[in-house]
Q: 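Take a look at this one; I'll ask things after.
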Protein chains: 2
Amino acid sequence: MPRAGLTPALVAEEAARLSDEEGFRSLSLAAVAKRLGVATPSLYKHVDGLAGLHREVALLGANGLGERVQRAAVGRSGPDALRAAAGAYRRYAHAHPGRYTALQQLPRLAGAEPDLTTDPVRVLAAVLRGFGIPQDQMVHAIRTLRSTLHGFVDLETHGGFGLPEDVDETYALLVEGLVRALHQWPGATERTNTRRSRG
Amino acid sequence: MPRAGLTPALVAEEAARLSDEEGFRSLSLAAVAKRLGVATPSLYKHVDGLAGLHREVALLGANGLGERVQRAAVGRSGPDALRAAAGAYRRYAHAHPGRYTALQQLPRLAGAEPDLTTDPVRVLAAVLRGFGIPQDQMVHAIRTLRSTLHGFVDLETHGGFGLPEDVDETYALLVEGLVRALHQWPGATERTNTRRSRG
DNA sequence: GCGTAAAAGCTAATGGCATTAGCCAAGTGA
DNA sequence: TCACTTGGCTAATGCCATTAGCTTTTACGC
């Protein structure tokens with residue numbers, strides 16, 4: 001009987017796909033094993049149990065999100081960079097809800113840090129250059145940016161917006177509010193274009 | 001042998017306490033039964049399985065959060081009401097992390113709506129009166145407010161803020177940014193006090 | 001008081017899942 | 001070719017949720 005030819009990367013990818021398709025809460029070793037045509041205990045040769053699988057999916061999410069946001073923002077600056085980054089952030093969460101959910105639990109699954117070149121936090125920090133925010137305020141501004149984007153995406157993916165009003169429009173308005181708040185951030189100096197990209 | 005004297009409300013309360021103390025992911029029928037000194041299947045006489053327990057805890061969270069935020073904001077208006085509400089919102093999430101987490105999943109556990117008089121969304125909507133936001137913009141403004149508060153609290157409680165910088169200060173800055181964004185909301189008319197309550 | 005019926009708790013049993021131990025075959029390298 | 005590593009397997013354990021069905025308490029009508 002031929003071997004399945006699994007690797008840690010293959011297992012993690014399949015787990016990520018499963019959690020995107022069926023929801024992060026449906027992610028189990030048994031379900032991944034079934035999709036790979038293998039017995040559950042076999043997975044232990046490639047991942048460190050269920051916690052390890054969660055960590056791998058979270059890392060895929062962190063790298064994927066960081067990469068998409070970075071790609072969207074490159075070549076832009078100030079409000080334009082922020083709008084592009086915000087759009088990419090939300091699109092990634094829609095396209096990969098399981099990975100995105102896993103990503104939020106990364107701190108709990110200690111010991112593993114996302115790849116530093118695409119760490120989403122660093123990417124968002126880079127996007128904030130051009131707003132003239134003083135160095136000692138940057139941490140606060142980045143946290144505010146992360147909170148806002150994550151909060152919207154999290155409520156949206158959990159079905160928190162029940163009313164029929166256009167959710168895309170809410171997001172555009174939220175991002176514009178963010179642009180204004182960052183422009184007027186305490187100590188901010190530079191004045192850049194504030195025109196909205198969308199009516 | 002005497003009876004334990006359980007009721008649905010007692011079971012739900014104990015489950016909420018457990019999830020606050022041990023984390024929502026530790027909430028199980030077995031753990032609740034043990035704390036109540038009862039066999040696991042006995043709980044089925046009072047709650048509708050694990051999903052029902054989740055729903056009950058979520059409802060306790062919705063009512064508790066709505067009540068606290070409302071109490072904090074009553075008698076205030078505009079930015080002052082918003083600051084008070086934001087503070088109460090975050091304090092509730094800190095004091096009751098299990099209930100708060102459960103609350104986010106309410107839409108998934110369909111069929112049950114939080115008590116309308118303390119529905120957190122309605123309370124936050126009331127807080128926004130005084131910002132002069134036109135009716136057709138209110139849904140967007142409320143969603144933005146919810147997203148911002150929830151995003152911060154969610155990242156914070158998941159350990160998302162790793163750096164040592166003062167998280168209280170970040171929250172104060174975020175709330176002030178929110179105040180400015182709501183003042184300058186498209187179509188907003190009224191101009192109210194924007195002074196910060198905290199340096 | 002008394003007897004009946006509902007309700008509350010129990011034990012037993014089933015099935016899903018994660019995890020560990022230990023076996024065996026398939027590659028791999030001298 | 002042969003030994004060793006490695007990937008996959010089965011078996012077994014334990015925890016949890018859930019259902020079925022039993023027993024005893026409690027409440028209530030007489």
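Residue numbers start from 1 in every chain, and the chains themselves are labelled A, B, ... in the order their sequence lines are given, proteins ahead of strands.
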Q: Restricting to side-chain contact (heavy atoms from CB on, under 4.5 Å), what partner residues turn up for B:A39, sequence neighbours left out?
A: B:P41, B:S42
Q: Identify every side-chain donor-acceptor pair in residues 58-67 of chain B under 3.5 Å, counting partners at least two apart or on other chains, and give the distances.
A:
unit_1	atom_1	unit_2	atom_2	d
B:N63	OD1	B:D115	N	3.3
B:N63	OD1	B:T118	OG1	3.1
B:N63	ND2	B:L59	O	3.3
B:E67	OE2	B:R71	NH2	2.6

Q: For B:F152, which residues count as a ring-ring contact (aromatic ring centres under 6.0 Å, His included) partner, sequence neighbours excluded?
A: B:F161, B:Y171
Q: Linking Ile, Leu, Val, Met, Phe, Trp and Tyr through side-chain heavy atoms less than 4.5 Å apart, which residues share a cluster with B:L163?
A: A:V139
Q: Does B:Y44 make a side-chain N or O approach to OP1 or OP2 of D:dT18 shorter than 4.0 Å?
A: yes
Q: Shared ILVMFWY cluster between A:L174 and A:L182, side chains joined below 4.5 angstrom?
A: yes
Q: Counting distance only, does the side-chain N/O of A:R55 pair as donor-acceptor with the main-chain N or O of A:D48 below 3.5 Å?
A: no
Q: I need the residues from residues 7-16 of chain B with at least one non-hydrogen atom less than 4.0 Å from DNA chain C; give them sorted by number, or say none.
A: none
Q: Under 4.0 Å, heavy atom to any atom of DNA chain D: which of residues 23-33 of chain B qualify?
A: B:S28, B:L29, B:A30
Q: What N/O pairs connect the protein and nucleotides 4-6 of chain D at under 3.5 Å? Give each pair on its own line.
A:
unit_1	atom_1	unit_2	atom_2	d
D:dT6	O2	A:R3	NH2	2.9

Q: Determine which pairs satisfy ring-ring contact (aromatic ring centres under 6.0 Å, His included) with at least one residue from residues 40-88 of chain A, sequence neighbours left out, and list them in order.
A: A:F24-A:H54
Q: Looking at DNA chain C, which of residues 35-43 of chain B put a heavy atom within less than 4.0 Å of it?
A: B:V38, B:A39, B:P41, B:S42
Q: Less than 4.0 angstrom between a side-chain N/O of B:H46 and OP1 or OP2 of C:dA7, yes or no?
A: no
Q: Which pairs, with at least one residue in residues 56-77 of chain B and sequence neighbours excluded, count as a ring-ring contact (aromatic ring centres under 6.0 Å, His included)?
A: none
Q: Could you pull out all donor-acceptor pairs under 3.5 Å where a side-chain atom in residues 87-97 of chain A meets a protein atom, sequence neighbours excluded?
A:
unit_1	atom_1	unit_2	atom_2	d
A:Y89	OH	A:Y100	OH	2.7
A:R90	NE	A:E156	OE1	3.0
A:R90	NE	A:E156	OE2	3.4
A:R90	NH1	A:D168	OD1	3.1
A:R90	NH2	A:E156	OE2	2.8
A:R90	NH2	A:D168	OD1	2.9
A:H94	NE2	A:E156	OE1	2.9
A:H94	NE2	A:E156	OE2	3.3
A:H96	ND1	A:D20	OD2	2.8
A:H96	ND1	A:R99	NH1	3.2

Q: By the salt bridge (charged side-chain N to carboxylate O under 4.0 Å, His left out) test, which pairs, at least two apart or in different chains, include something from residues 33-47 of chain B?
A: B:E14-B:R35, B:E21-B:R35
Q: Can you tell me if B:R17 has over 12 outside heavy atoms packed within less than 6.0 Å of its CZ?
A: yes
Q: Does the side chain of B:E56 come within less than 4.5 Å of B:E13's, by heavy atoms?
A: no
Q: Distance check needed: C:dC17 P versus A:L18 CG, whole Å only.
A: 12 Å
Q: Rounded to the Å, how far apart are B:L50 CG and C:dG15 P?
A: 20 Å
Q: Taking A:H158 for the side chain and A:D154 for the main chain, is one N or O donor matched with an acceptor at less than 3.5 Å?
A: yes
